[in-house]
Amino acid sequence: MAKWVYIEDLKKFIGEEVEIRGWLYNKRSSGKVKFLILRDGSGFVQCVMVKGTVSDELFASFKELTLESSIVLVGVVREEKRAPGGVEIDVKDYKIIQKAVDYPIPKVREENIPDVGVLLPKRHLWLRSKKQWALMRIRDTIEKGIEDFFHERKFVRIDSPILTPSACEGTTTLFKTDYFGEPAYLSQSGQLYVEAACMAHGKVYCFGPTFRAEKSKTRRHLMEFWMVEPEIAFYELDDIMSLSEEFVEYLVKRVLEEREEELHILGRDLKKLEKIKRPFARITYDEAVKILKDKGMEFEWGDDFGGDEETAISEAFETPVIVHRYPAKIKPFYMKRDPENPDVVLNMDMLAPEGYGEIIGGSQREDDYDTLLKRFEEENLPIEDYKWYLDLRKYGSVPHSGFGLGIERTIVWISGIRHVRESIPFPRLLEKIYP
RNA sequence: UCCCCGGUAGCUCAACCGGUAGAGCACCUGACUGUUAAUCAGGGGGUUGGGGGUUCGAAACCCUCCCGGGGAGCCA
């Protein structure tokens, strides 16, 4: 009985007979030599079958093999310099578990991969293709990297609720549900809850899905996306700017270390990622506006940056760039005003290089009860809903700060892909929830 | 909510001024003892998104509806 092994471990079994359990990814033939490319989830391997080395019956059955049929194959592992993974398998025998007929995503060349309108409804099958396989593994590494980064620094993970009684950001983009006759909303951010938790644990973070019913149909938007939000008591703006730099540098390094093959499959320029080292560029909003004006772009102080502006700013740097101290008018109520200039707040956005746009938004929070109450009144927010949040400023309030990193946009940037919908297993897009 | 682009073979796209539908890939058949997006030869495959209109003649022009994509606003 041959031992069942995974393709990623084949190098340890050179010269041995092994069993591979997987699917037929591709096949090629050259007369008396047949090639089967198998995938088993852990990788891809080419299996070779030469006429005369297997039974004529098995050799002839090659032409019956269809793409994505499930298969159990037995063969001998051989070192092969010509093979991408360094090993090949000489086929002894194989058995079809289930024959796939007319697999809906055809084997295609680069220049005519189907349109997303064709691929998205087949997302459950599209996940099997090489690039999507690579992307999900990069996502996995980033998610593990997030957990490791914070736990290595003694943070406590606090899971924020998904069903919430009120909005954190604007109210136009909430998914409304019925909660025993009362309205409840799917969470847009765990921030308010981690603010409470950091007063209990000091250093905390939450990591989970967030939901925004924005009518946005662009390659940067998902209705459901994952966000990691650290929040730290006694941290001020400079402290979270430093933490965010350390964090992003760490995630890029992890992906470079653990997913080089996957980045290669995606055709990512590794040199660009290797430049992601601290210190990152740090500029004020004022300085960012100057960059735009120097480039001849029309921009009014007080406006928020759009996609074009973000791209123009990030193009000026090879590392990510932090822009801090935005006009208070365009930022939410919980951000603390800069004591040295009340027109701006102590916030920070991090823009990824190469025009990939904003990946982090964070701030020092308003920690003074009276000031925060005044802000609630100015914004016409329902104080009843936020009584608990105001309590945090009544019972041992301290300076505290945090930020949120959207992991899909981070994956898009690190992987060098174009669209967020490929960065999540089953994307929820505007008016699209299948499969 | 608004703006722009598109819909032709299973997929990606052609089709000149409006003249009667074509290629690559996929698929099927055959050839090939080292292919890496294999290659070579042959074959099948179309109510040109729906409806209406203009015209001797519409994939093309006009109206309308449907579907898809991108972007603005908003944001991660």
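The figures here come from the full heavy-atom set of this structure, side chains too, leaving out hydrogens, waters and symmetry mates. Naming: A, B, ... by sequence-line order, numbering from 1 per chain.
A/Ser216 contributes no side-chain N or O that forms a donor-acceptor pair with the base of B/C75 under 3.5 Å. A donor and an acceptor atom never sit less than 3.5 Å apart when one is taken from the side chain of A/Arg28 and the other from the base of B/C32.
The separation between A/Glu88 atom CD and B/G34 atom C1' is 8 Å, rounded to whole Å. Taking atom CG of residue A/Leu405 and atom P of nucleotide B/C75, one finds them 18 Å apart after rounding to whole Å. In this entry the distance linking CG of A/Leu429 with P of B/G69 reads 8 Å, nearest Å. Between the C1' atom of B/G69 and the CG atom of A/Leu119 lies a distance of 13 Å, rounded to the nearest Å. The interatomic distance linking A/Glu229 (CD) with B/A76 (P) rounds to 9 Å, in whole Å. Note: CZ (A/Phe247) to P (B/A76) measures 15 Å, nearest angstrom.
A/Lys217 has no side-chain polar atom (N or O) that falls below the 4.0 Å cut-off from OP1 or OP2 of B/C75. The side chain of A/His221 contributes no N or O atom lying less than 4.0 Å from OP1 or OP2 of B/G73. Distances shown here put every side-chain N or O of A/Arg220 at or beyond 4.0 Å from the OP1 or OP2 atom of B/G73. For the pair A/Arg219 and B/G71, the criterion of a side-chain N or O lying under 4.0 Å from OP1 or OP2 is met. For A/Arg82, no side-chain nitrogen or oxygen approaches OP1 or OP2 of B/G34 to under 4.0 Å. Proximity of A/Lys130 to the phosphate of B/A37: no side-chain N or O atom is located under 4.0 Å from OP1 or OP2.
Remark: B/G57 base-pairs with no nucleotide in the shown strands. Criterion, Watson-Crick or G-U wobble with two distances under 3.5 Å. Both distances falling under 3.5 Å, in either a Watson-Crick or a G-U wobble arrangement, place B/G30 opposite B/C40. The nucleotide B/G68 finds its pairing partner in B/C5, both defining distances of the Watson-Crick or G-U wobble pair being shorter than 3.5 Å. The base-pairing partner of B/C25, taking Watson-Crick or G-U wobble contacts with both distances under 3.5 Å, is B/G10.
For A/Glu245 (side chain) and A/Ser242 (main-chain N/O), no donor-acceptor pair under 3.5 Å exists by modelled atom type. Using modelled atom types, one side-chain atom of A/Lys203 and one backbone atom of A/Arg153 make a donor-acceptor pair closer than 3.5 Å.
Evaluated for a side chain to side chain donor-acceptor pair (under 3.5 Å) with A/Arg325, the options A/Asp286, A/Asp338, A/Thr284 yield exactly one hit, A/Asp338.
Under 3.5 Å, the side chains of A/Glu236 and A/Gln364 contain no donor-acceptor pair of N or O atoms. No side-chain donor from either of A/Tyr205 and A/Glu229 sits under 3.5 Å from a side-chain acceptor of the other. Checked by atom type, the side-chain pair A/Tyr94/A/Ser61 shows a donor-acceptor distance below 3.5 Å. Side chains of A/Gln132 and A/Glu422: a donor on one and an acceptor on the other come within 3.5 Å.
The listed nucleotides are B/U12, B/A76, B/G69; the one nearest the side chain of A/Asp115 is B/U12. Taking only side-chain atoms of A/Arg418, from C-beta outward, the nucleotide of B/U35, B/G70, B/C75 with the closest atom is B/G70. Nearest to the side chain of A/Val118, among B/G34, B/C74, B/C11, sits B/C11.
Both geometric conditions, a ring-centre gap below 5.5 Å and a plane tilt below 30°, are not fulfilled together for A/Phe35 over the base of B/G34.
In textbook terms, a nucleotide whose glycosidic angle is within 90° of 0 is syn, and B/C17 is one such case.
Comparing A/Leu430 and A/Glu80 by the nucleotide of RNA chain B that holds the closest heavy atom to each, the one mapping nearer the 5' end is A/Leu430. When each of A/Val48 and A/Thr218 is assigned the nucleotide of RNA chain B bearing its nearest heavy atom, the one mapping closer to the 5' terminus is A/Val48.
Using a 4.0 Å heavy-atom cutoff across all strands shown, A/Glu408 reaches no nucleic acid atom at all. Nucleic acid contact for A/Leu222: base, since at least one base atom lies under 4.0 Å from a heavy atom of the residue.
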Between the protein and nucleotides 23-29 of chain B, are there any N/O to N/O pairs under 3.5 Å, and if so, what are the atom names and distances?
unit_1 : atom_1 : unit_2   : atom_2 : d
B/G24  : N2     : A/Asn112 : ND2    : 2.5

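With respect to the salt-bridge test (charged N to carboxylate O, under 4.0 angstrom), the residues A/Glu366 and A/Arg337 do not qualify.
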